[in-house]
Number of protein chains: 4
Amino acid sequence: MNGKTRREKERVARRKQILAAARVVFSRKGYHHSTLEEIARKAQLGKGTTYWYFSGKAELFLAVLEGVIDEQLLKVKQAASEKADCRSRIEGIAREQLEHFAKNQFLTRILSSEVVFKTQEMKRRMKRSIDERYAVYTELVEDVLREGISRREIRRVDVKKMSHVLLSVLHSLVYYWHIKEIKPRPAEDARMVCDLVFEGLER
Amino acid sequence: MNGKTRREKERVARRKQILAAARVVFSRKGYHHSTLEEIARKAQLGKGTTYWYFSGKAELFLAVLEGVIDEQLLKVKQAASEKADCRSRIEGIAREQLEHFAKNQFLTRILSSEVVFKTQEMKRRMKRSIDERYAVYTELVEDVLREGISRREIRRVDVKKMSHVLLSVLHSLVYYWHIKEIKPRPAEDARMVCDLVFEGLER
Amino acid sequence: MNGKTRREKERVARRKQILAAARVVFSRKGYHHSTLEEIARKAQLGKGTTYWYFSGKAELFLAVLEGVIDEQLLKVKQAASEKADCRSRIEGIAREQLEHFAKNQFLTRILSSEVVFKTQEMKRRMKRSIDERYAVYTELVEDVLREGISRREIRRVDVKKMSHVLLSVLHSLVYYWHIKEIKPRPAEDARMVCDLVFEGLER
Amino acid sequence: MNGKTRREKERVARRKQILAAARVVFSRKGYHHSTLEEIARKAQLGKGTTYWYFSGKAELFLAVLEGVIDEQLLKVKQAASEKADCRSRIEGIAREQLEHFAKNQFLTRILSSEVVFKTQEMKRRMKRSIDERYAVYTELVEDVLREGISRREIRRVDVKKMSHVLLSVLHSLVYYWHIKEIKPRPAEDARMVCDLVFEGLER
DNA sequence: TATGAATGAGGTTTCATTCAT
DNA sequence: AATGAATGAAACCTCATTCAT
């Protein structure tokens with residue numbers, strides 16, 4: 001039982017090692033300019049070794065992506081489950097998300113747009129993988145909004161669309177930080193977004 | 001006068017021909033999966049001919065990008081100059097923009113995120129090129145907002161940030177359409193965004 | 001008679017113009033790194049025009065080469081026909097040659113070695129062209145040496161080989177100038193070569 | 001100890017294999033008409049493999065060149081260190097050199113003249129590489145000459161220039177062999193050159 | 001005649017993936 | 001399991017030559 005477990009543990013450790021290295025490299029250079037050579041070197045492993053853990057570059061990229069999103073989901077879940085009024089919880093979610101985006105800025109941008117895969121097969125897999133996680137996320141936000149509506153803290157809105165719009169605004173702030181070369185300020189920006197979304201422009 | 005003009009005209013026509021083909025291919029496949037071979041074939045020209053008009057793949061891509069943004073700017077300008085109240089004009093801008101995004105969906109996504117260039121030199125050129133156009137765009141929106149403030153149609157806000165947030169929301173809707181595989185409805189979505197932005201969630 | 005002659009003259013002038021430009025470019029960059037584009041531009045003509053005068057790059061190169069050698073032969077002939085003793089005339093020939101080499105340094109080096117042509121056909125033509133001119137040159141030197149022998153100014157030697165060796169030494173000085181980045185001193189070097197060849201090292 | 005050495009040995013062997021193939025191809029076709037495709041095929045390796053050992057065509061060429069010169073230097077050193085009088089040793093050096101030239105005729109010609117590299121960087125590297133080796137060579141000859149002078153076997157001459165002239169004469173004989181399509185006779189030609197250089201033409 | 005535009009063969013290089021050890 | 005070496009498809013780019021005007 002011990003020998004096998006040891007092996008098992010080592011395998012998991014190696015996987016993490018590779019994923020960590022890959023995350024850094026993909027983040028810095030985007031998918032196409034990253035090479036397995038560099039990733040393997042950074043993970044202090046031979047190039048061939050990565051193929052024992054991931055069936056190829058595409059698979060590895062997908063795994064990195066899923067890891068990044070899962071980490072984020074975890075934090076967002078915590079923020080959503082806080083005992084507080086609707087607005088505070090939304091602001092909390094926004095803050096967590098922006099913090100996470102700030103840490104994984106470039107990767108987030110790849111996620112949202114780089115045309116990574118050539119084969120339809122992989123494109124579909126990537127889409128499915130992101131969709132699943134995205135659904136979990138929007139459900140969380142929807143629940144918070146729904147509760148807010150039932151508590152009469154906010155007015156009746158299409159919670160589906162609104163939950164997405166919220167994510168969108170946050171998401172696009174990353175782009176703003178990037179093109180304006182601004183140092184990200186997650187807390188501050190989270191508040192601003194909430195002010196806008198809750199109070200609107202009028203009056 | 002005619003001989004020279006003829007040549008001149010043909011040159012311009014060819015340029016457009018190549019740009020059109022490139023726009024289609026880049027849109028469909030992203031930067032890295034597009035090949036000059038295919039672009040040239042689609043433009044019904046020899047591979048080498050593209051080099052007569054653009055110094056390389058990178059340059060061609062940049063030209064396509066600039067073309068797309070410029071077209072968009074033109075429409076947004078028209079919408080911004082309408083005689084109407086602040087909210088209607090913002091909604092008009094939003095609608096134009098979403099319509100344009102819908103037509104150039106994939107390209108817009110490349111624009112916002114694909115890590116296209118390897119050399120620092122080209123990255124800088126792309127950034128500068130986008131920044132310049134982006135600045136024109138936000139100024140337009142800022143003016144509309146400022147006027148709205150002075151006319152007391154909307155409350156005092158940071159017009160700079162707000163104009164960006166607006167673009168961001170629109171921009172990110174493209175992403176939403178994409179991952180949800182939704183048929184874009186520019187007019188409807190423009191209204192929704194305006195409702196959110198002007199009225200807020202509260203009450 | 002006049003119309004035709006005018007045409008004729010213009011043709012010849014254009015040819016010279018192209019040859020002059022080509023000589024400069026080939027000299028600076030060697031055969032393979034020279035482009036017809038650059039040559040035509042330097043000759044202030046369209047790229048296509050060169051094809052009216054030379055059937056292609058190879059032909060043009062050959063013509064340049066022949067021109068350079070012919071100029072040199074002319075000067076060497078003059079030096080060889082001077083009324084003077086054998087040694088003075090040889091020194092004169094050497095000086096003329098070195099001066100010419102100095103002016104056409106890089107071209108001389110291409111001449112002697114660059115593998116210019118790919119087809120056997122062109123290689124043969126180049127060889128024949130050079131051989132013919134080379135033969136004229138060595139005959140000149142041989143005559144001077146033979147006369148020197150008959151006048152008992154120098155000892156009996158294989159004049160054929162010796163005439164070549166003389167050319168060789170001169171030729172290789174160009175290489176020496178080049179790798180040592182020395183400013184050519186034709187007169188001085190001609191004297192040195194003569195000293196060596198006539199007096200030898202011994203005693 | 002064995003495992004590592006095995007790898008090491010194989011690497012060295014492959015390098016030699018590639019260098020050998022490259023030497024043959026470069027010799028036959030010159031730098032520009034040689035393709036990595038052909039070199040790899042001749043080395044019975046894949047095209048990409050050469051890049052594992054040499055960073056590119058230019059680098060490979062430089063390595064071939066250095067190899068050829070180094071082999072030659074080795075032989076010349078041996079000839080220079082013979083116990084004998086100055087003239088015999090010079091003749092020995094000349095013979096060795098001519099033999100080597102005969103074997104690497106075409107490559108020697110590329111070396112001396114083909115404009116191989118386009119970038120200033122590579123030109124400089126090639127120059128430096130050749131210069132270093134050339135310096136070793138001329139020093140050897142200079143030493144022999146200096147000793148000859150001090151032993152009063154030859155008269156006082158500029159040993160620096162003379163050592164170069166000697167190399168030049170030898171070098172240019174390769175050219176002679178080539179254009180006259182003569183079968184090289186290293187021993188005989190070495191003697192002739194010595195006769196000329198030591199006895200001179202006079203008397 | 002003169003030319004600028006068009007062409008595509010041909011070359012170099014990169015790198016994901018495979019494989020023998 | 002781990003690896004470094006091997007592979008070759010694929011892509012970009014250059015430029016001699018052709019050609020319509």
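Values below: every heavy atom of this structure, side chains too, minus hydrogens, waters and symmetry copies. Residue numbering restarts at 1 for every chain, and letters A, B, ... go by the order of the sequence lines.
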Specify the closest pair of heavy atoms between [X] and [Y], including all atoms of both residues, with the distance to one decimal.
X	Y	answer
C/I18	C/I39	O-CG2, 4.3 Å
C/L36	C/L60	CD2-CD2, 4.0 Å
B/Y51	B/G56	CE2-CA, 3.8 Å
C/L19	C/A63	CD2-CB, 3.7 Å

Requested in this report: Starting from the 5' end of DNA chain E, give me the residue, C/G46 or D/K57, whose nearest nucleotide shows up first.
Outcome: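 Counting from the 5' end, the first nearest nucleotide belongs to C/G46.
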
Requested in this report: Tell me which of D/S55 and B/Q44 sits closer to the 5' end of DNA chain E, going by the nucleotide each one is nearest to.
Outcome: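 Its nearest nucleotide lies further toward 5', so the answer is B/Q44.
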
Requested in this report: Check step by step if side-chain contact (heavy atoms from CB on, under 4.5 Å) holds for B/H32 and A/H33.
Outcome: CA-CA 10 Å; B/H32 292 286; A/H33 297 307; 3.5 Å; yes

Requested in this report: Kindly write out the residues that satisfy side-chain hydrogen bond (donor to acceptor under 3.5 Å, both in side chains) with C/E59, not counting sequence neighbours, or none if the list is empty.
Outcome: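 Applying side-chain hydrogen bond (donor to acceptor under 3.5 Å, both in side chains) to C/E59 gives C/S55, C/R125.
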
Report task. Tell me, please, which residues at least two apart from C/E132 pass side-chain hydrogen bond (donor to acceptor under 3.5 Å, both in side chains). Result ->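 Partners of C/E132 by the side-chain hydrogen bond (donor to acceptor under 3.5 Å, both in side chains) criterion come out as none, since no residue qualifies.
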
Query raised in the report: With C/V64, which of C/F54, C/Y31, C/F26 fulfils side chain to side chain contact (heavy atoms under 4.5 Å, CB included)?
Result: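 Testing C/V64 for a side chain to side chain contact (heavy atoms under 4.5 Å, CB included) against C/F54, C/Y31, C/F26 leaves exactly one candidate, C/F26.
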
Atom-pair distance ([atom1] on [X]; [atom2] on [N]), nearest Å:
X	N	atom1	atom2	result
B/K47	F/dA11	NZ	P	11 Å
B/F54	F/dT14	CZ	C1'	19 Å
B/W52	F/dA16	CH2	P	13 Å
B/K118	F/dC13	NZ	P	13 Å
C/Y51	F/dA16	OH	P	7 Å
A/L45	F/dG4	CG	P	10 Å

Query - Approximate separation, where rounding is to 0.5 Å, of D/Y53 OH and D/Q17 CD - result: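 The distance works out to 8.5 Å.
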
Query raised in the report: From D/K29 NZ over to D/S34 OG, what is the distance, rounded to the nearest 0.5 angstrom?
Result: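 The NZ atom of D/K29 sits 7.0 Å away from the OG atom of D/S34.
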
Query raised in the report: Which residues within residues 35-43 of chain D lie with some heavy atom under 4.0 Å of an atom in DNA chain E?
Result: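 Residues of residues 35-43 of chain D that come under 4.0 Å of DNA chain E are, in numerical order, D/T35, D/L36.
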
Requested in this report: Could you check which residues of residues 15-25 of chain A get a heavy atom under 4.0 Å from DNA chain E? Sort them by number, please.
Outcome: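 Result for residues 15-25 of chain A: none.
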
Requested in this report: Convert the base pairs of DNA chain E into dot-bracket notation, remembering that pairs crossing earlier ones are written with [ ] and that bases paired across to another strand are shown as |; include only Watson-Crick or G-U pairs under 3.5 Å.
Outcome: .||||||||||||||||||||

Query - Salt-bridge criterion met for B/E38 and B/K47 (N-O under 4.0 Å) - result: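 Salt bridge absent between B/E38 and B/K47.
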
**Report entry** Residue mapping more 5' on DNA chain F - nearest nucleotide basis, A/G48 or C/S34
**Finding:**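 The 5'-side residue here is A/G48.
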
Requested in this report: By nearest nucleotide on DNA chain F, pick out whichever of A/Y53 and D/R11 is the more 5' one.
Outcome: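 It is A/Y53 whose nearest nucleotide is closer to the 5' end.
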
Query raised in the report: Is there a side-chain contact (heavy atoms from CB on, under 4.5 Å) between A/K123 and A/M126 once you walk through the steps?
Result: CA-CA 5 Å; A/K123 277 183 185 166; A/M126 177 166 166; 5.8 Å; no

Query raised in the report: Does the A/K42 side chain pair with the main chain of A/V24, one donor and one acceptor, at a distance under 3.5 Å?
Result: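 Side chain of A/K42 to backbone of A/V24, a donor-acceptor pair under 3.5 Å: no, none is there.
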
Query raised in the report: Do the side chain of D/T49 and the main chain of D/L45 share a donor and acceptor less than 3.5 angstrom apart?
Result: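 No; judged by distance alone, with no hydrogens or angles, the pair does not exist.
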
Query raised in the report: First contact, last contact: which nucleotides of DNA chain E are these for chain A, 5' to 3', heavy-atom distance under 4.0 Å?
Result: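 Here the contact window of chain A covers E/dC15 to E/dT18.
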
Query raised in the report: Among F/dT7, F/dA10, F/dG4, which is the nearest nucleotide to the side chain of D/R7?
Result: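 So the nucleotide nearest the side chain must be F/dG4.
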
